[in-house]
Amino acid sequence: MLGGFGLCGIPENGIAALLALGIKNLICISNNAGTDDFGIGLLLHKRQVKKMIASYVGENAEFERQLLSGELEVELIPQGTLAERIRAGGAGIPAFYTPAGAGTELAEDKDWRVYDHKICLLERALTADFALVKAWKGDTAGNLIYKGTARNFNPLMATAGKITIAEVEELVPLGELDPEHIHTPGIYVQRIFRGTAYEKRIEQLTEREAAHAE
Amino acid sequence: MLSKEQIAARIAMEIKDGDYVNLGIGIPTLVANYIPETINVVLQSENGLLGIGPFPLRGEAGPDLINAGKQTITMQPGAALFDSAESFAMIRGGHIGLAVLGAMEVSENGDLANWKIPGKMVKGMGGAMDLAASPARVIVAMQHRDKAGNSKLVRQCSLPLSGRRCVKRIFTELAVLDLLPEGGFLLREIAPGHSLEEVRQATAGRLEVFGEIREIPL
């Protein structure tokens, strides 16, 4: 599992380490597949990914090419279902029913039941051997705080990894983080390190001129 | 024929004071620019934010604050941040009242297709299937016809579905149409300078015409 939404909140150092190690046949669970030249896109270019489990992959032409040519196995999952399957995985709930995807091709090989007059699909929990997550601040107990919308899938994945490796921009001693503000309690985190050389690329820079400000 | 901006401006008229709204990618994202400042509307970004503000001032954009379209944004006063599971709990749980989505095809019974063209294009459904299946009122911004002139308002979708019987209203460059509970596109408004005949020509599914039909206010 790799945290992040688009390129926001992705474990850049973890991905760089996977590239350096050259580990192949990875099954990656992540909301997106990075862009052509960053994030998980880098792993795709080096053919390190066997299967991708994601909800939206529109920003990556190489991904689409490998998918359409059959080189890459892909499972697309509705974003909310993906998030909840990961949450369930971390919370010890083996499966749950949800209406998302009912009546679509995703329902074809799934168990279903009718609840509250709605067809609901049975969805299994998701866990992973490793979860690579990225936080803003962390302490040596593994407690994590995320920033802005870089939170996204990171706290969920942190709970669902057999081994969760957290990388943080700032690693602080015990006691420096306010317990009231912890997003991910350290119990979920097995390894933590301060990441370096963060690029934190922006996919779509959208700005307005001061003259138009209200 | 309405421009994308004009379609977005018309959709903004659907939004009421106090609404919690999810805007999809494309034309739906533009709707935010046309919501009058006189009403209080909270926009949800499914990647984990309630209270999307305007684009940041030049030089003030940051990589840790984006919308679902991966554009840099700001937060409104009173905004809240959360994770992706909580975001879809809001959607699935019926706390988001209105969803504005894009579409490749809509059928006359309200089926929505917007995530895949087999063999050609696979972008994925993102949050569209969750929204389509949620209690939110789903309205759609789309082109009435494709580039070859074929209607995208069809009897039955030929593309893989995102959800069944979920679309309630459609906004195109030509018209505003409601989905009737018994099936069929009920014509409500026509773009200035266009005729009923043109809308008929552009609509492959069953078009129902009764009651008052007004010009789309611009």
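Not measured: the values here are computed from a predicted model. Values reported hereafter were calculated over all heavy atoms of this structure, with side chains retained and with hydrogens, waters and symmetry mates removed.
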message: Heavy-atom pairs under 4.5 Å with chain B: which of A:Arg201, A:Glu105, A:His183 has the most?
response: A:Glu105

field: Residues A:Lys137, A:Leu177; criterion side chain to side chain contact (heavy atoms under 4.5 Å, CB included); working and verdict
entry: CA-CA 8 Å; A:Lys137 288 181 183 175; A:Leu177 298 181; 4.1 Å; yes

- prompt: Most heavy-atom pairs under 4.5 angstrom with chain A, which of B:Gly59, B:Ser162, B:Gly124?
  reply: B:Gly124

query: Would you say the side-chain atoms of A:Arg151 pair up with the backbone N or O of B:Gly48, donor to acceptor, closer than 3.5 Å?
result: no

- request: Using non-hydrogen atoms and a 4.5 Å limit, figure out which bit of B:Ala128 sits close to chain A: side chain, backbone, both or neither.
  value: neither

message: Between B:Thr74 and B:Pro54 (side chain of the first, backbone of the second, donor and acceptor by atom type, cut-off under 3.5 Å), is there such a pair?
response: yes

field: Toward chain A, the part of B:Asp111 with a non-hydrogen atom under 4.5 Å
entry: neither

message: Heavy-atom pairs under 4.5 Å with chain A - which of B:Pro160, B:Ser134, B:Ala133 has more of them than the others?
response: B:Ala133

message: Is B:Met75 in contact with chain A via its backbone, its side chain, both, or neither, using a 4.5 Å heavy-atom distance?
response: neither

- line: Turns out that what part of A:Glu203 lies under 4.5 Å from chain B's heavy atoms comes down to both

- prompt: Do A:Asn31 and A:Ser55 have side-chain atoms, one donor and one acceptor, less than 3.5 Å apart?
  reply: yes

query: Which region of B:Lys120, side chain (C-beta onward) or backbone (N, CA, C, O), has a non-hydrogen atom less than 4.5 Å from a non-hydrogen atom of chain A, or is it both or neither?
result: backbone

query: Got more than 12 heavy atoms from elsewhere within 6.0 Å of CD1, A:Ile187?
result: no

task: Taking only Lys NZ, Arg NE, NH1 and NH2, and the carboxylate oxygens of Asp or Glu, determine whether B:Lys152 and B:Glu105 approach each other closer than 4.0 Å.
output: no

field: Closest-packed option against chain B by number of heavy-atom pairs under 4.5 Å, given A:Gly58, A:Gly80, A:Ala107, A:Gly148
entry: A:Gly80

query: For chain B, which of A:Phe153, A:Trp136, A:Phe5 has the most heavy-atom pairs under 4.5 Å?
result: A:Phe5

Best-contacting candidate, A:Val74, A:Leu68, A:Thr98, A:Ile86, against chain B by heavy atom pairs under 4.5 angstrom: A:Leu68

message: What part of A:Leu106 gets within 4.5 angstrom of chain B, counting heavy atoms only: side chain, backbone, both, or neither?
response: side chain

Ionic contact status for A:Asp36 with A:Arg65, cut-off 4.0 Å: no

task: Residue by residue, scan residues 82-99 of chain B and write down, ordered by number, those that have a heavy-atom distance under 4.5 Å to chain A; if none do, write 'none'.
output: B:Phe82, B:Asp83, B:Ser84, B:Ala85, B:Phe88, B:Arg92

Chain A interface, residue from B:Pro118, B:Ala132, B:Gly163, B:Gly127 that has the most non-hydrogen pairs under 4.5 Å: B:Gly127

Pair A:Lys110 + A:Glu123, salt bridge at N-O below 4.0 Å: yes

- request: Flag the pair A:Glu169 and A:Lys147 as a salt bridge only when some basic side-chain nitrogen lies within less than 4.0 angstrom of an acidic carboxylate oxygen.
  value: no

- prompt: Does a side-chain N-to-carboxylate-O contact under 4.0 Å join A:Glu207 and B:Arg58?
  reply: yes

query: Taking 4.0 angstrom as the limit, do A:Glu12 and A:Lys134 come out as a salt bridge?
result: no

Proximity breakdown for A:Leu156 and chain B, heavy-atom pairs closer than 4.5 Å: side chain

message: I'd like to verify something: which residue of B:Met125, B:Arg164, B:Met129 has the highest number of heavy-atom pairs under 4.5 Å with chain A?
response: B:Met125

- prompt: So with a 6.0 Å cut-off around OH of B:Tyr20, is the heavy-atom count from everything else above 12?
  reply: no

task: Check whether more than 12 heavy atoms from other residues, nucleotides or ligands sit under 6.0 Å from atom CZ of B:Arg165, and answer yes or no.
output: no

Student check: side-chain heavy atoms of A:Thr149 and B:Ser45 closer than 4.5 Å: no

query: Of the listed residues (A:Gly101, A:Cys8, A:Pro78, A:Ala33), which shares the most heavy-atom pairs with chain B below a 4.5 Å separation?
result: A:Pro78

- prompt: Between B:Glu46, B:Glu60, B:Gln71, which shows the greatest number of heavy-atom pairs under 4.5 Å with chain A?
  reply: B:Gln71

task: Please state whether the side chain, the backbone, both or neither of A:Asn32 comes within less than 4.5 Å of a heavy atom of chain B.
output: side chain

message: Given heavy-atom pairs under 4.5 angstrom as the criterion, report whether the side chain, backbone, both or neither of A:Pro99 touches chain B.
response: both

Salt bridge present between B:Asp178 and B:Lys168 (N-O < 4.0 angstrom): no

